[in-house]
Amino acid sequence: RRPPRSTLFPYHDALPIWVSEDVLEAVARALQLDEAERTYLFDLARAAIKPARTPQRRSRAQVQPRVQWMLDSMTASAAFVANGRLDIVATNSLGRALHAPLFDVPGRPANFARFQFLDPRSRDFYPDWEGAANITVALLRAEAGRHPGDAQLRELVGELSTVSDEFRSRWAAHDVRIHHDGAKSFRHPVVGGLDLGYYTLDLPTEDHRGLRLTIYTAEPGTPSEDALKLLASWAATTAGASTPATERS
């Protein structure tokens, strides 16, 4: 019988540094770990072998212009690039419009986890708030396994744990997730309900290490497709209104 998820990885430092990959594979099979949990187990083992001496402050990655060009070419899809801490580091016009509430806080990057747990509007924005919250924390937990010495990630987790009981209880569950594809519902303040499918891809080049591209699309012929088109028109209108006339001419 598979043990509860919360008992799979109770302590980061519980893995002895001499454990071989064969032993880890046997543990993964015995515990019936899924892909994300298996990856997390191996990440913890590597971290135990080569622990970071001091917390590392990784700079907020910037995308190359060619990635932004690719994003801007996707006019019918909401697309963005995020890092492992769930900061949005680049987006196209529709992606920014879809996640408009996340960009309301000046002076710091739009971050899915902060919005999810610190902004009361997230309860309306995500109809399935509980499911969205579970995924958000599981993604951060997986990132903590990959980069246990990331100082900014530790600060983010500390901030959320201090302020949000909802985050703290989920973080203690040690659930992990690898973000590939799925469906998500939104209740957008401008266009209302949206049911969208998404795919997430790792950006493969060295200068984009740790960044992931996510693309949201609507099923053709559905009310969500109509709403997404309306949102694209709204985004174009608001962008034009905020551009000085001298720049538009």
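Just so you know, these numbers come straight off a predicted model, no measurement behind them.
- When all heavy atoms of Ala76 and Leu228 are compared, the pair lying nearest together is O-CD2, 3.7 Å.
- Panel note: side chain Asn92, backbone Met74; a donor-acceptor pair is recorded below 3.5 Å.
- Looking at residues two or more places apart in sequence or on another chain, you find a salt bridge (Lys or Arg N to Asp or Glu O under 4.0 Å) between Arg121 and Asp104, Asp119.
- Side-chain atoms of Arg212 do not come within 3.5 Å of backbone N or O of Val81 as any donor-acceptor pair.
- For Trp129, the ring pair (Phe, Tyr, Trp, His ring centres under 6.0 Å) partners two or more places apart in sequence, or in a different chain, are Phe117.
- One N or O on the side chain of Asn111 and one on the backbone of Ala113 form a donor-acceptor pair closer than 3.5 Å.
- At distances below 3.5 Å, at least one donor-acceptor pair connects side-chain atoms of His188 with backbone N or O atoms of Ala97.
- Evaluation of the ring pair (Phe, Tyr, Trp, His ring centres under 6.0 Å) rule for Phe115 yields Phe125 as partners, not counting sequence neighbours.
- Of the possible polar contacts, none joining the His147 side chain to the Gly149 backbone as a donor-acceptor pair under 3.5 Å is found.
- Taking CG of Asn83 as the start and CG of Leu203 as the end, the distance is 11.5 Å to the nearest 0.5 Å.
- Two different hydrophobic clusters hold Leu211 and Tyr199 under the rule that ILVMFWY side chains link at heavy-atom gaps under 4.5 Å.
- Residues Leu213 and Asp202 fail the side-chain proximity criterion, which asks for heavy atoms closer than 4.5 Å.
- Asp226 is not listed as a side-chain neighbour of Val191, based on a closest heavy-atom distance of 4.5 Å or more.
- A 4.5 Å side-chain heavy-atom check between Thr162 and Phe167 finds every atom pair outside the cut-off.
- Counting only distance, with no hydrogens or angles, the side chain of Ser224 and the backbone of Leu194 share no donor-acceptor pair below 3.5 Å.
- Closest heavy-atom contact between Arg154 and Pro148: NH2-O, 2.9 Å.
- Remark: side-chain polar atoms of Ser122 are not paired, donor with acceptor, to backbone N or O of Leu118 under 3.5 angstrom.
- Arg170 contributes a side-chain N or O that, together with a main-chain N or O of Glu166, makes up a donor-acceptor pair within less than 3.5 Å.
- Taken to the nearest 0.5 Å, the OG1 atom of Thr214 stands 9.5 Å off from the CD1 atom of Ile88.
- Taking all atoms of both residues into account, the shortest heavy-atom contact from Thr91 to Ala79 is OG1-O, 3.1 Å.
- Contact check for Leu86 versus Thr136: side-chain heavy atoms found under the 4.5 Å cut-off.
- With rounding to the nearest 0.5 Å, the separation of CD1 in Ile215 from CG in Leu201 is 6.0 Å.
- By the 4.0 Å N-to-carboxylate-O rule, Glu159 lies close enough to Arg108 to be salt-bridged with it.
- No side-chain heavy atom of Leu94 sits less than 4.5 Å from a side-chain heavy atom of Thr75.
- Of all heavy-atom pairs between Asp128 and Gly131, the closest is OD1-N, 3.0 Å.
- Relative ring orientation between Phe186 and His99 is described as perpendicular, the plane-to-plane angle rising above 60° on a 0-90° scale split at 30° and 60°.
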Given side chain to side chain contact (heavy atoms under 4.5 Å, CB included), test Leu153 with Glu143 step by step and report yes or no.
CA-CA 8 Å; Leu153 179 59; Glu143 179 70 3; 3.8 Å; yes
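- Rounding to the nearest 0.5 angstrom, the gap separating the CZ atom in Phe112 from the CD1 atom in Ile135 is 12.0 Å.
- Between Asp150 and Arg85 there is a salt bridge, since a side-chain N of the basic residue sits under 4.0 Å from a carboxylate O of the acidic one.
- Annotation for Glu219: atom CD does not count as buried by contact number, only 12 or fewer foreign heavy atoms lying within 6.0 Å.
- Nearest heavy-atom pair across Ala78 and Leu98 is CB-CD2, 3.8 Å.
- The CH2 atom of Trp69 lies 12.5 Å from the CG atom of Leu71; values are rounded to the nearest 0.5 Å.
- In this model, a donor atom of one side chain and an acceptor atom of the other lie less than 3.5 Å apart for Gln68 and Asp72.
- Between Ala142 and Val176, the shortest heavy-atom contact is N-CG1, 4.0 Å.
- A donor-acceptor distance shorter than 3.5 angstrom exists from the side chain of Asn134 to the backbone of Glu130, with no hydrogens or angles considered.
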Derivation and outcome, side-chain hydrogen bond (donor to acceptor under 3.5 Å, both in side chains), residues Ser77 and Thr217
CA-CA 5 Å; Ser77 301; Thr217 57; 5.5 Å; no
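- Annotation: cation-pi geometry satisfied between Arg96 and Phe103 (NZ/CZ under 6.0 angstrom from ring centroid, within 45° of ring axis).
- Follow the hydrophobic side-chain contacts under 4.5 Å out from Leu160 and you reach Val163 in the same cluster.
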